[in-house]
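Heavy atoms only: backbone and side chains are in, while hydrogens, waters and symmetry mates are out.
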Amino acid sequence: MVVGDVAVTPAPDASQLAQIAVCTAQTAKSVAGFADPKVAMLSFSTKGSAKHEVCDKVIEATALAKELAPELKIDGELQADAALVPSVGKKKAPGSEIAGNANVLVFPNLEVGNIGYKLVQRLGNADAIGPILQGIARPVNDLSRGCSVDDIYKMVAITACQAMDAK
């Protein structure tokens, strides 16, 4: 699973969120080796189940991301369960090829993203690698102050691979 943005942009507007989605899908391909990124634009609403300006931003960002990268498999707005659980995705977003099958999650803001990825890491015993910074001319990455030696090793390896790919 690849997620964005968990470290940089506190309150992205729709355009920034669209760019985050496209960059995160590219990172999923180049760094995580995903042949077929399936991007879910996360929200507290699925396909209009709630009305709020925050949901509107996610809907607009999804449309903008589709314009930026027409080949990208992306859908939103989706709640996390609709994005990840096939039976829930079919019920809440029938006809969506992403719902229930997402492997790239784009959070609507930094607060949600950072909290979400750290909860998964700490409570789910997941191996969280990153943050991997995107949209910069050369590889630059970050480490949490709570990182381990193993986290540092993995991030150095990723950054070295990115540097080699950039040549």
Side-chain angles (χ1 to χ4, degrees), residues 1-117 119-120 126 128-142 158 161-162 165-166:
M1 182 69 54
V2 175
V3 300
D5 172 8
V6 300
V8 177
T9 311
D13 61 25
S15 177
Q16 291 170 314
L17 197 57
Q19 292 170 8
I20 289 166
V22 171
C23 286
T24 303
Q26 291 168 343
T27 297
K29 283 182 175 181
S30 65
V31 175
F34 288 20
D36 191 25
K38 293 178 183 75
V39 181
M41 302 293 283
L42 297 181
S43 177
F44 62 86
S45 172
T46 296
K47 300 298 180 182
S49 66
K51 301 291 183 206
H52 192 276
E53 62 191 34
V54 174
C55 304
D56 295 341
K57 177 181 78 170
V58 173
I59 294 166
E60 181 183 353
T62 303
L64 290 170
K66 288 178 180 182
E67 289 175 18
L68 288 171
E71 74 291 348
L72 184 61
K73 291 181 182 174
I74 184 169
D75 199 5
E77 88 276 23
L78 296 170
Q79 292 168 305
D81 60 346
L84 297 170
V85 181
S87 61
V88 177
K90 284 180 186 175
K91 184 184 292 183
K92 290 185 175 184
S96 171
E97 79 174 300
I98 303 304
N101 299 298
N103 57 12
V104 176
L105 304 177
V106 177
F107 292 101
N109 63 46
L110 178 62
E111 181 176 30
V112 175
N114 189 272
I115 292 167
Y117 109 89
L119 280 172
V120 169
I129 301 171
I132 297 170
L133 303 182
Q134 305 173 128
I136 301 169
R138 294 285 182 213
V140 177
N141 292 309
D142 189 18
I158 287 169
C161 288
Q162 289 175 307
D165 286 346

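With rounding to the nearest 0.5 Å, the separation of CD1 in I158 from CD1 in I129 is 5.0 Å. Rounding to the nearest 0.5 Å places CZ of R138 at 15.5 Å from CG of L133. To the nearest 0.5 Å, atoms CG (N114) and CG (L119) are separated by 9.5 Å.
Shown here for V58 and P108, the closest heavy-atom pair between the two residues is CG2-CB, 4.0 Å. Scanning all heavy atoms of the two residues, the minimum distance from L78 to A93 falls at CD2-CB, 3.9 Å. Closest approach of L105 to A83, counting heavy atoms only: CD2-CB, 4.2 Å. Heavy atoms only, all atoms of each residue included: V2 and A32 are closest at CG2-CB, 3.9 Å. A pairwise comparison of heavy atoms in A69 and V22 identifies CB-CG2, 4.0 Å as the closest pair. Nearest heavy atom pair, residue G100 against residue P86, reads O-CG, 3.4 Å.
Between P12 and N109 there is a side-chain heavy-atom pair separated by less than 4.5 Å. Within the 4.5 Å cutoff, the side chain of T46 has no heavy atoms near those of the V88 side chain. Put simply, the side chain of S43 reaches to within 4.5 Å of the side chain of C55, judged on heavy atoms. Between V3 and V104, the closest side-chain pair of non-hydrogen atoms is not below 4.5 Å.
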(request) Please assess M41 against L17 for the test side chain to side chain contact (heavy atoms under 4.5 Å, CB included), listing each intermediate value before the final yes or no. (result) CA-CA 9 Å; M41 302 293 283; L17 197 57; 3.8 Å; yes
(request) Tell me, with the steps shown, if I74 and I98 meet side chain to side chain contact (heavy atoms under 4.5 Å, CB included). (result) CA-CA 7 Å; I74 184 169; I98 303 304; 5.6 Å; no
(message) Could you go through V31 and I132, starting from their C-alpha distance and side-chain angles, then the distance that decides it, and tell me whether this counts as side chain to side chain contact (heavy atoms under 4.5 Å, CB included)?
(response) CA-CA 9 Å; V31 175; I132 297 170; 3.7 Å; yes
(request) List the steps, then state whether side chain to side chain contact (heavy atoms under 4.5 Å, CB included) holds for M1 with V120. (result) CA-CA 11 Å; M1 182 69 54; V120 169; over 6 Å; no
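Not counting sequence neighbours, the partners of D81 by the side-chain hydrogen bond (donor to acceptor under 3.5 Å, both in side chains) test are K92. Scanning for side-chain hydrogen bond (donor to acceptor under 3.5 Å, both in side chains) contacts around D5 gives T9, with sequence neighbours left out. Partners of A25 under the side-chain contact (heavy atoms from CB on, under 4.5 Å) rule, at least two apart in sequence or in another chain, are P37, V39, L72. Not a single side-chain hydrogen bond (donor to acceptor under 3.5 Å, both in side chains) links Q26 to another residue, sequence neighbours left out.
Evaluation of the side chain to side chain donor-acceptor pair (under 3.5 Å) test over residues 59-74, restricted to residues two or more places apart or in two chains, returns D36-K73. Pairs passing the ring pair (Phe, Tyr, Trp, His ring centres under 6.0 Å) check and including a residue from residues 13-44, sequence neighbours excluded, read F44-H52.
Counting only distance, with no hydrogens or angles, the side chain of K57 and the backbone of D13 share no donor-acceptor pair below 3.5 Å. Formation of a donor-acceptor pair under 3.5 Å by the N103 side chain with backbone atoms of K38 is found in this model. Within the 3.5 Å criterion, the main-chain N or O of S96 finds no donor-acceptor partner in the side chain of D75. Between the side chain of S45 and the backbone N or O of A50 there is at least one donor-acceptor pair closer than 3.5 Å.
Residues Q134 and T24 have side chains that bring a donor and an acceptor to within less than 3.5 angstrom of each other.
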